[in-house]
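Encoded as structure tokens, the structure appears first; notes follow it.
Every chain is numbered from 1, with letters handed out A, B, ... down the list of sequences.
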Amino acid sequence: MNDSNAATPAAIPSAESGGEGLRHTSNFLRDIIAEDVRNKTFGDAAIQTRFPPEPNGYLHIGHAKAICIDFGLADEFGGKTNLRFDDTNPEKEEQEYVDSIQKDVRWLGFEWERLCYASDYFPQLFEWALQLIRSGYAYVDDLTAEEIRQYRGTLTEPGRDSPYRNRAIHENLDLFVRMKAGEFPDGSRVLRAKIDMASPNMNMRDPVMYRILHATHHRTGDEWCIYPMYDFAHGQSDSIEHVTHSMCTLEFADHQPLYRWYIEQLGIFPSQQIEFDRLNLTYTLLSKRKLLQLVEEKRVNAWDDPRMPTLSGIRRRGFTPEAIRAFCAAIGATRTNGITDLEMLEHFQRDDLNRRARRAMAVLHPLKLVIDNYPADKVEFVDVANNPEDPAAGTRQAPFSRELYIEQDDFREVPPPKYYRLSPGKEVRLRSAYFVTAQSVVKAADGSLVEVHCTYDPLSRGGNSPDGRKVKSTMHWVSAAHAISAEIRLYDKLFSKPDPYDFAEGGDIFDNLNPHSLEVLTGAKLEPSLAAANLDDRYQFERVGYFCLDPDSTPGHLVFNRTLALKDTWAKIEKKTGKEPGT
RNA sequence: UGGGCGAUCGUUCAAUGGUAGGACAGUGCCCUUUGGAGGCACUUAUCCAGGUUCGAAUCCUGGUCGCCCAGCCA
């Protein structure tokens, strides 16, 4: 295994051929921004957006949609995007996550204008809180969390005012400053906005602005023991950064009145919040909390397990940023809530890899094929196209000899209907090499197939017969003496149901985990050129699927991940006509 | 059942009062030195009921259905 930095023949071209050609149709976010630009809603100021993850987990494909929207739309209008960590809850946040998030955003292909942290605004936020207290719009509440919940009322009943609601301003000021000074234990008091306990919008029923948390923050350490809530940090952070369009997911729609209320009371830059639908994908879990659980309970190996929908997971799996961006462009943004077929993502990934991945021959389940009329000591090298989709990718030479490996599936002693591959008496083409005709088989004592014997047509070198006769099938192969062995990891869906949340009463989401999501093959035989594979290379193992090297590889032990299988018409036929017993 | 938001092929996204279209999936055919890729074709949709209008997926009214909200999470 080589280092992944060097440019090699196999490194996929950073072709943005599919990327820049992304067709975007209209969507309501673009329309709103275009309208604001036309109306000069924000004067001559440039469009400014932000991508605001909380560093409490790894980014996943759902975040990729948000990233493409936040960065993509700003870029379209000549604007800029900040990466801002919404780090207002020290109990869940870690440096590990802020590092991985930056890496993932860059990997997706975006660069931020400024790197920001809500925690950088803690002093300003504190000043603004004092301002609201002074103007009578905030108060310190001594109710317990449970009492606050009870006073809040329900969806159908209005809440009641806290007995502390009309505390004198000087008393509120004094208590809040002492909260900050660390005089009170966690949970003993909060600062609340004084709005309307009878509002039909629960978020307006005197929302908590600050809570006491004697916790060490990953950036500010022990400097603070009071932390602002999301609602008293997000809009203000947007405002400080002069974010013009603050795009977030639909579940925050109910927060918009509060977002605006704080900005208006404070008289600061009027950032505007716009909500869009979050991504849902069939067979895929997109909840940071649940994903964390998968990792902590060791149901997967790590955040970057290739079965995970995290960006680090699908990156290791072999997915490319170009494909993910194309996918995000295709799914667009709306305010409806639906579930996108996983096939859609897979389609854009296959499409990208088909154009760019170098071809190679690899036999996953080897079966020995012996060419009886081929000299035992002869080796010749045949030219093989590196990518039929891209002649510029050139050719390579593959060693060919008397004993080869072919795929077990490519031979049937008794061929089922419509089976075009090798069977006794049938002639097929070995890709870029020769026509061969199966003659006989050798079996072990237990009846299992050991090897297939065939004869070849020396005149068909390169894969065509001078007499113009056709064969139905072209098969991949590797020379037994030259093949390298490798471990192959085949991945399937992590969940076996389109909706992972579709489980029986009393069960849980993990009941739907697919027990066959990982299959490890240890005896695969690869063409020798694959020994030089790099981590960044993307391959199509012809007729099998797309593969990439896994970081677990060592010079003596190569490990390849299957990104996606190729579409398989024969498998479909087989499924439809009922399973054949095989050989 | 208080409030907010939404409803177009199986899925997803368009159509911005004027011919309901694309992509994915599916099916069939053609082509193929990958049963890959590609090409062609086919199937299928405006939630319901009224109204406005020459004309409605689009505007209005009333239903129906779905999602979100009662953290000192974000």
Side-chain angles (χ1 to χ4, degrees), chain A residues 23-28 31 52-54 56 86-89 91-93 141 143-145 148-150 152-159 186-192 199-205 207-213 226-227 229-231 233-234 248-257 275 277 282 288-289 329-348 350-351 354-355 359 361 384-385 388-389 418-421 429-433 462-464 470-476 540-545 565-573:
Chain A
R23 196 110 24 259
H24 11 76
T25 54
S26 159
N27 82 41
F28 80 105
D31 292 348
E54 181 187 14
N56 67 343
D86 231 336
D87 54 351
T88 56
N89 184 358
E91 294 182 320
K92 291 185 175 175
E93 298 153 7
D141 197 338
L143 254 28
T144 64
I148 286 181
R149 190 179 65 76
Q150 284 166 1
R152 187 153 33 224
T154 68
L155 294 177
T156 52
E157 305 162 86
D186 287 4
S188 57
R189 291 173 222 269
V190 290
L191 182 70
R192 291 230 254 170
S199 171
N201 182 341
M202 302 297 278
N203 294 298
M204 301 300 272
R205 319 245 264 228
V208 172
M209 296 165 61
Y210 270 94
R211 74 284 214 185
I212 301 173
L213 242 35
I226 57 171
Y227 291 91
M229 297 287 290
Y230 164 85
D231 286 306
H234 200 98
C248 62
T249 43
L250 244 22
E251 68 268 25
F252 290 99
D254 287 341
H255 292 247
Q256 198 185 130
E275 311 87 17
D277 63 325
T282 55
K288 262 198 216 171
R289 212 184 107 250
I331 59 175
T334 64
R335 291 178 69 90
T336 62
N337 20 38
I339 306 171
T340 300
D341 282 339
L342 218 211
E343 279 126 335
M344 185 81 87
L345 209 212
E346 295 180 343
H347 161 77
F348 283 99
R350 286 197 184 92
D351 186 53
N354 176 52
R355 271 177 289 143
R359 311 293 126 126
M361 291 197 285
V384 189
E389 299 291 314
K418 292 192 182 165
Y419 185 83
Y420 301 155
R421 283 112 96 143
R429 171 166 43 231
L430 294 178
R431 166 127 243 210
S432 305
N464 271 317
K470 305 276 189 204
V471 290
K472 272 283 211 183
S473 182
T474 300
M475 301 176 0
H476 61 284
Q540 184 198 96
F541 290 177
E542 290 204 63
R543 302 205 306 137
V544 179
L566 244 31
K567 285 203 200 165
D568 189 342
T569 306
W570 168 242
K572 208 181 275 183
I573 294 171

What's the closest nucleotide to the [X] side chain, out of [options]?
| X | options | result |
| --- | --- | --- |
| A/Asp341 | B/G35, B/U11, B/G36 | B/U11 |
| A/Arg335 | B/A25, B/G6, B/U34 | B/G6 |
| A/Ile573 | B/C24, B/U34, B/G35 | B/G35 |
| A/Lys572 | B/U34, B/G26, B/G36 | B/G26 |
| A/Phe348 | B/A23, B/U34, B/C13 | B/A23 |

(request) Measure across A/Asn27 and A/Ala333 and return the closest heavy-atom pair with its distance rounded to 0.1 Å. (result)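 Closest pair (atom of A/Asn27, atom of A/Ala333, distance): CB-O, 3.8 Å.
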(message) How would you summarise protein contacts on nucleotides 64-74 of chain B per nucleotide, using B for base, S for sugar-phosphate only and - for none, with heavy-atom distances below 4.0 Å?
(response) ---SBBBSBBB
Would you indicate what [X] reaches in the nucleic acid, counting non-hydrogen atoms under 4.0 angstrom: base, sugar-phosphate, or nothing?
| X | answer |
| --- | --- |
| A/Glu275 | nothing |
| A/Ser432 | base |
| A/Ala333 | sugar-phosphate |
| A/Arg429 | base |
| A/Phe541 | nothing |
| A/Thr282 | nothing |
| A/Thr569 | sugar-phosphate |

Pick the [atom1] atom in [N] and in [M], then give their distance to the nearest Å.
| N | M | atom1 | value |
| --- | --- | --- | --- |
| B/G62 | B/G2 | P | 15 Å |
| B/C72 | B/C67 | C1' | 27 Å |
| B/U32 | B/G18 | P | 46 Å |
| B/A14 | B/A7 | C1' | 16 Å |
| B/U64 | B/C47 | C1' | 7 Å |
| B/A57 | B/U52 | P | 16 Å |
| B/C68 | B/G28 | P | 39 Å |
| B/U12 | B/G6 | C1' | 16 Å |

Length of the line joining [X]:[atom1] and [N]:[atom2], which is rounded to integer Å:
| X | N | atom1 | atom2 | answer |
| --- | --- | --- | --- | --- |
| A/Met344 | B/A14 | CE | C1' | 13 Å |
| A/Leu566 | B/U34 | CG | P | 12 Å |
| A/His476 | B/A37 | NE2 | C1' | 17 Å |
| A/Glu346 | B/A25 | CD | P | 10 Å |
| A/Gln540 | B/G38 | CD | P | 12 Å |
| A/Arg421 | B/U34 | CZ | P | 13 Å |
| A/Tyr420 | B/U32 | OH | P | 13 Å |
| A/Leu345 | B/U11 | CG | C1' | 14 Å |

Nucleotide N/O to protein N/O under 3.5 Å, stretch nucleotides 39-41 of chain B:
none

(request) For RNA chain B, write out the stems as range with range, using runs of 3 or more consecutive Watson-Crick or G-U pairs with both distances under 3.5 Å. (result) B:2-7 with B:64-69, B:10-13 with B:21-24, B:26-30 with B:38-42, B:47-51 with B:59-63
For a quick test of reading the model: is some side-chain N or O of [X] closer than 4.0 Å to OP1 or OP2 of [N]?
| X | N | value |
| --- | --- | --- |
| A/Thr340 | B/U11 | no |
| A/Arg543 | B/G35 | yes |
| A/His347 | B/C24 | yes |
| A/Thr336 | B/C13 | yes |

(message) Both A/Glu542 and A/Thr156 contact RNA chain B. Taking the nearest nucleotide for each, which residue is further toward the 5' end?
(response) A/Thr156
(message) With a sphere of 6.0 Å drawn around CZ of A/Arg289, does it hold more than 12 non-hydrogen atoms of other residues, nucleotides or ligands?
(response) no
(message) Could you work out, with side chain to side chain donor-acceptor pair (under 3.5 Å) as the rule, every residue matching A/Glu91, not counting sequence neighbours?
(response) none
(message) Checking A/Asp254 now: which residues fulfil side chain to side chain donor-acceptor pair (under 3.5 Å) with it, not counting sequence neighbours?
(response)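 For A/Asp254, no residue satisfies side chain to side chain donor-acceptor pair (under 3.5 Å) once neighbours in sequence are set aside.
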(request) Answer yes or no: is there a donor N or O on one side and an acceptor on the other, between the side chain of A/Arg335 and the main chain of A/Leu250, under 3.5 Å? (result)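 Not at all, since once roles are kept as given, no pair shorter than 3.5 Å links the two residues.
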With a 4.5 Å heavy-atom cut-off, do [X] and [Y] have their side chains touching?
| X | Y | value |
| --- | --- | --- |
| A/Val208 | A/Arg192 | yes |
| A/Met204 | A/Pro257 | yes |
| A/Asn89 | A/Leu213 | yes |
| A/Glu389 | A/Arg359 | yes |
| A/His476 | A/Val544 | yes |

(request) Would you mind calling B/G71 syn or anti? Take O4'-C1'-N9-C4 for purines or O4'-C1'-N1-C2 for pyrimidines, and syn is within 90° of 0. (result) syn
(message) I'd like to know if A/Lys572 and A/Asp568 make a salt bridge, using a cut-off of under 4.0 Å between side-chain N and carboxylate O.
(response)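 A salt bridge is absent here (no side-chain N lies under 4.0 Å from a carboxylate O).
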(request) Classify the side chain of A/Glu343 versus the base of B/U11 as yes if they form a donor-acceptor pair under 3.5 Å and no if they do not. (result)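 Checked by distance alone, the answer is no.
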(request) Please list, chain by chain and in numerical order, all residues satisfying ring pair (Phe, Tyr, Trp, His ring centres under 6.0 Å) with A/His234, sequence neighbours excluded. (result)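 Partners of A/His234 under the ring pair (Phe, Tyr, Trp, His ring centres under 6.0 Å) test: A/Tyr230.
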(request) Look up atom CZ in A/Arg205 and atom CE in A/Met202, then write down how far apart they are to the nearest 0.5 Å. (result)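 Between A/Arg205 CZ and A/Met202 CE, I get 4.5 Å after rounding to 0.5 Å.
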(request) Quick one: pull up CE in A/Met344 and OG1 in A/Thr282 and give me the separation to the nearest 0.5 Å. (result)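 The OG1 atom of A/Thr282 is 10.0 Å from CE of A/Met344, to the nearest 0.5 Å.
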